[in-house]
Amino acid sequence: MDIQKEQFIKNPRTILLIVLLLASIISLCIFGLQEGLDLKGGSMIQLHLEKPVDQDTMNTVTAVLDKRLNAFGVSDVKVRQSGDQDVIVEIAGVTPDQVENIVKTPGKFEAKIGNETAISGSDVQSVSSKEVTGERWKVPFKITTEGANKFAKVAEGKAGTPVDMYLDDELISSPQLDAGLANGVPSSEVEVSGGETSKAKATEKATEVHTVLQSGALPVKLNIVSVNSISADLGNQFELGALIAGFLALAAIAVVVTFKYKSWALVIPIMVTSISELVLILGFASIIQWNLDLAAIAGIIAAIGTGVDDQIVMTDEVLAHQDKKSHRKNIVKTKIKGAFFIIYASAGTLIAAMLPLAYVGFARGSTGIGMLTGFAVTTIVGVLFGIFVTRPVFAQYIETFFVKSPKEIEQEKRRERKSKG
C-alpha cells in the first residue's frame, strides 16, 4: 500500500493538482475574491443613448464612462453595452447619487476668448491633481502642441480679456487672460479655476471638472433610464444564502455517495475532488478578479454537480468488473477510457450550451439574459478544471487503490471459501 501511495502522489497529474491548489489558496489569501453587486451592494445604472450607434461609437462611449468613473475614484466598476443604444453601469459599494452627475455629463469642454474657441476638450493632453483652497478651486492641465499654438494665436494681444471656460455649454470659470499668455508664444500649461459657497462644494466641483477633463467627452448624448440600488445588508443576506446553499449541496452529495457505495475509501475522495474543484474555481476568479455574483455561485454548484456525476460514472465502471480474473489492469484502463469518452462528450455538450449564454451576456450587459453571464463562465471554468485536472486524478486514484491483481482476487476467494467451510 505504501508503494501505491508513493506512486499516486508522484503521478504528474496529482502533482499538477497540488500545485494548482496551492496557487489558488495563495491567490485567495493575497487578492481575495471580488464580490459582485449581489453580494457587496452598490448600484446598477441603465443609460439610454439618444440614437442607435455603431460598434466603434459604442466602444468609445463605454471607454469614456469607464475612464471617467475610475478617474472619479470608483475602483469596482463595470461598464457594458446592451444592444446598440443602451449601456449598463454596475458600481459595487457606491450609491447612485455619488456618480449620477458624472455618468450623465456629456463632458464637452471649451475655452473661449471673445466668441472664438481657443481650447476644446480634444486639446487636453493630461490633467494634474485638483487643488482646493478654502472656497476656491483650480484644476491645472496640459494641452497639446497644436492646442497651445491655437490658444496662442487666439490670445495674442488680448491681455486682460476674460477667458470663458464652458463645460457642457455652462460657464464654469472666466479668469482674465494673463499678459504672459497673450504675447503670442505657445504655452502648454493651462488651468481652469473657480469659487463656490463652501469648501465641500468647491471640492465637489473640482472633482467633477477634473474627472471630465481627464476622461474626455462622450460622442453622443445619453439619459439615465433607471437606477437600482442594492444595499450592503441585502448583499450580506445573499452571501449567507449562497454559503448555506453551497454547504447543503456538498452535504447532499456526501449523503448520496455514502448511501450508494457505503465505503469511506470512495466517499472521501469524491468529496475531496469536489472541494478541490471549488478551490480551483475560486482561485481562478481571484486571479482574474472576476466578480462573483449569485449567478456565478450557481454556476460553481452546477460544475461541482457535473463533477460528481462523472466520478460516479468512473467508479461504477471500475466496481462493475471486480470479479474479472485476468488482465485486471487492462480491463480497468479500457473502462476508464470509455468513461472519459462519455465525460468528454457530456462536457463538450455543456460547454457548447454555455458559450452562447456567455456571449449574449457580454454583448448585452447585465440585463435580462445577460445577468446569467457569471453562471455560464463559472460553469465552463469548473468543467474545464474537472475534465483536465481533478477527474483524471480521481481516475488515477481509482486505478491505483481499487484495481486488484489476479493473484489478489484469487487469495480473496480462497479466504471466502475457507470462511464458508
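Between Gln311 and Pro269 there is no side-chain heavy-atom pair separated by less than 4.5 Å. Using a 4.5 Å cut-off on side-chain heavy atoms (C-beta onward), Ile119 and Phe109 make contact. Counting heavy atoms from C-beta on, the side chains of Val393 and Thr273 never come closer than 4.5 Å. With a 4.5 Å cut-off on side-chain heavy atoms, Trp137 and Lys130 do not count as touching. In this structure, Met58 and Leu49 have side chains that are in contact, with non-hydrogen atoms separated by less than 4.5 Å. Proximity of Lys142 to Glu189: side-chain heavy atoms (C-beta onward) are separated by under 4.5 Å at one or more points.
For the atom pair CD1 of Ile281 and CD1 of Ile380, the computed distance is 11.5 Å after rounding to the nearest 0.5 Å. Rounding to the nearest 0.5 angstrom, the gap separating the CG atom in Leu278 from the OG1 atom in Thr390 is 11.5 Å. Distance check: Thr117 OG1 to Lys112 NZ gives 4.5 Å after rounding to the nearest 0.5 Å. Distance check: Leu266 CG to Thr258 OG1 gives 10.0 Å after rounding to the nearest 0.5 Å. Atom OG of residue Ser274 and atom CD1 of residue Ile301 lie 12.0 Å apart, to the nearest 0.5 angstrom. Taking CG of Asp164 as the start and OG of Ser174 as the end, the distance is 4.0 Å to the nearest 0.5 Å.
A salt bridge links Glu277 to Arg391: one of the charged nitrogens lies within less than 4.0 Å of a carboxylate oxygen.
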(request) Show your reasoning for whether side-chain contact (heavy atoms from CB on, under 4.5 Å) applies to Val53 and Val61. (result) CA-CA 10 Å; Val53 297; Val61 171; 5.6 Å; no

(request) Could you go through the side-chain contact (heavy atoms from CB on, under 4.5 Å) check for Val256 and Val308 one step at a time? (result) CA-CA 10 Å; Val256 171; Val308 174; over 6 Å; no

(request) Walk me through it: do Thr14 and Leu17 pass the test side-chain contact (heavy atoms from CB on, under 4.5 Å)? (result) CA-CA 5 Å; Thr14 306; Leu17 175 58; 5.7 Å; no

(request) Check the pair Asp56 / Thr60 against side-chain contact (heavy atoms from CB on, under 4.5 Å), numbers first and verdict last. (result) CA-CA 6 Å; Asp56 288 340; Thr60 301; 5.6 Å; no

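For Ala303 against Gly382, the heavy-atom pair with the smallest separation is CB-CA, 3.8 Å. Heavy atoms only, all atoms of each residue included: Ser286 and Gly32 are closest at OG-O, 2.8 Å. In terms of heavy atoms, Ala111 sits closest to Val163 at CB-CG1, 4.3 Å. Nearest heavy-atom pair across Pro140 and Ser129 is CD-O, 3.5 Å. When every heavy atom of Arg13 is checked against every heavy atom of Pro392, the shortest pair comes out as CD-CB, 3.8 Å. In plain terms, the two heavy atoms of Ala202 and Val132 that are nearest each other are CB-CG1, 4.1 Å.
Neither side chain, Asp309 nor Thr306, offers a donor N or O lying under 3.5 Å from an acceptor on the other.
More than 12 heavy atoms of other residues, nucleotides or ligands lie within 6.0 Å of CD in Glu191, so this atom counts as buried by the packing criterion. Atom CZ of Phe141 has more than 12 neighbouring heavy atoms from other residues, nucleotides or ligands inside a 6.0 Å radius.
Judged by distance alone, with hydrogens and angles left aside, the side-chain atoms of Thr207 form a donor-acceptor pair with the main-chain N or O of Thr203 at under 3.5 Å. Remark: side-chain polar atoms of Asp123 are paired, donor with acceptor, to backbone N or O of Ser120 under 3.5 angstrom. In this structure a side-chain-to-backbone donor-acceptor pair under 3.5 Å is missing from Ser346 to Ile342. In terms of modelled atom types and a separation under 3.5 Å, the side chain of Thr133 and the main chain of Arg136 share no donor-acceptor contact.
Contacts classified as side chain to side chain donor-acceptor pair (under 3.5 Å) and involving residues 243-257 (residues at least two apart or in different chains) are not found.
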